[in-house]
Number of protein chains: 2
Amino acid sequence: MRTDKKLIEAAAALLDSGGESAVTLRAVASAVGVSHNAPYKHFEGRSALLAAVAIADFTSLTAAFTRIRGSRSKPMRKLKKALATFIEYGRTYPARYKLMFSDPSLAPKGDELESAAMKTFREFAAIVEECQTSALFPEMENVALTGLLFASVHGLIDLAAGGRMRREKGFSSVGESVDLLLDLVSRGAGKRRRGLSFAGANK
Amino acid sequence: MRTDKKLIEAAAALLDSGGESAVTLRAVASAVGVSHNAPYKHFEGRSALLAAVAIADFTSLTAAFTRIRGSRSKPMRKLKKALATFIEYGRTYPARYKLMFSDPSLAPKGDELESAAMKTFREFAAIVEECQTSALFPEMENVALTGLLFASVHGLIDLAAGGRMRREKGFSSVGESVDLLLDLVSRGAGKRRRGLSFAGANK
DNA sequence: ACCTGAACACCGTTCAAGT
DNA sequence: ACCTGAACACCGTTCAAGT
């Protein structure tokens, strides 16, 4: 396996096991079995390596969304499946999730990261559009509704990842809050549509 | 002025000017004019100092919400004022905002931070409750609706702070997205209520 | 009580040198 | 092309010592 791939995987593993602060170039290099500055031969620096991890994860998230969109399920079920995938990813890999969606130092990292993130967003937008076309969701600019949904779910995942979710704050779980959100959004549509709780979308 | 207060203010200033990574204990100490480890006489360590900054900001945010709630405005106007304050804070002090709501290393920082955050949340919840009582918002568990609103707005602010807001992603601005959200939530209420766009709530 | 200075074990990054 | 080892300028944190 190529060294650069190995570095990316080692960085991802360190993110999962110890959070972002555990990802030192020296630890990554040592995990791969090269000298402490060999990573500089493959990446511009620590931040570029982290960006590469984020790009790889955006790519696989996009693939998951594409698979869901191509399935035979109904639009709302596709959306719930996509959101369940998204939430599960944030819950399982909080450090990588934060890297992708919430790390300010990674934002100005240029074209490749930006375009990988955009592909993920567009795939999600296409699923939302199917819900709108089926009149399950309000008729409004698709990109505005998608952006709001995406940001809301991100907020729920991010607060959960940061340990800000407490029962006293009204979050019994991210999934239930998303259910509530989808219900509220659906009420704005002409045709009402109930059933299929979010909690069951993944079973 | 007491040294501990000075340290907190210096840390906040460094957060504003250079982000979290700029807040080194040595830089903070130097800004205050003490030796590089004098901070340890006032705080357990870097993380405790950052927590103190967050606590101070939660306290002033709570005060702002309390002021708004006590004003003579109508419920929906109060909510929009509170949200405008919240958004403006996130936009002006992104690093401090992220510290409060999105830093995983600060979450397990114990009672004082937690209770300061809870007071802020409860004040916000009380404003949401006024909207529900006035039938502007759906009848449902206040804490669930508040949690969802709070998380959604947080997601919008956080994505904006992280540079993930692009016109192509459907966010023309945080304020407009919040307007859309409030509109969607209001549609779930028995009584419909239009007018008072968010953009104008602050003027 | 509060502070200082030296010291330790880390970092990211650079650079000259090796194969 | 790819890697290594030494070096530099930082960190957070600890500790003994000063007032």
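Source: prediction; values computed, not measured. Residue numbering restarts at 1 for every chain, and letters A, B, ... go by the order of the sequence lines.
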- Message: Test of understanding: with side-chain hydrogen bond (donor to acceptor under 3.5 Å, both in side chains), list the residues that count as partners of Arg91(B), not counting sequence neighbours.
- Response: Glu88(B)
- Under the salt bridge (charged side-chain N to carboxylate O under 4.0 Å, His left out) test, residues paired with Arg72(B) that sit two or more places apart: none
- Looking at residues at least two apart in the chain, or sitting in another chain, which of them share a salt bridge (charged side-chain N to carboxylate O under 4.0 Å, His left out) with Arg96(A)? Asp16(A), Asp57(A)
- Task: Just call it for Ser35(B): base, sugar-phosphate, or nothing, with non-hydrogen atoms closer than 4.0 Å on any strand.
- Result: base
- Task: Kindly say whether the aromatic ring centers of Phe65(B) and Phe121(B) come within a distance under 6.0 Å.
- Result: no
- Using salt bridge (charged side-chain N to carboxylate O under 4.0 Å, His left out) as the criterion, list what pairs up with Glu129(B), not counting sequence neighbours. none
- Starting at the 5' end of DNA chain D, write a dot or bracket for each base, bracketing those in Watson-Crick or G-U wobble pairs whose two distances are under 3.5 Å and using | for partners on another strand. ||.|||||...|||||.||
- Message: Can you list, in residue-number order, the parts of residues 3-22 of chain A that come under 4.0 Å of DNA chain D, counting heavy atoms only?
- Response: Thr3(A)
- Residue closer to the 5' end of DNA chain C, His36(A) versus Lys41(B) (nearest nucleotide): Lys41(B)
- Query: Who passes side-chain contact (heavy atoms from CB on, under 4.5 Å) against Gln132(A), sequence neighbours left out?
  - Reply: Val128(A), Phe137(A), Met140(A), Asn142(A), Leu145(A)
- Task: Name all residues meeting the side-chain contact (heavy atoms from CB on, under 4.5 Å) criterion together with Ala151(B); count only those two or more places apart in sequence or in a different chain, and write none if there are none.
- Result: Leu156(A), Leu159(A), Phe171(A)
- List for me each residue that meets side-chain contact (heavy atoms from CB on, under 4.5 Å) alongside Ser71(A), sequence neighbours excluded, and say none if there are none. Ser73(A), Lys78(A)
- Do any pairs count as a ring-ring contact (aromatic ring centres under 6.0 Å, His included) and have a residue in residues 26-63 of chain A, sequence neighbours left out, and if so which ones? Phe58(A)-Phe101(A)
- Task: Identify, between Ala27(B) and Asn37(A), the residue whose nearest nucleotide on DNA chain D lies closer to the 5' end.
- Result: Asn37(A)
- Note on the structure: By side-chain contact (heavy atoms from CB on, under 4.5 Å), Ser102(A) pairs with (sequence neighbours left out) Lys98(A), His154(A), Asp158(A), Lys98(B), Ser102(B), Asp158(B)
- Covered region of DNA chain D, 5' end to 3' end, by chain B [heavy atoms, under 4.0 Å]: dC11(D) to dC15(D)
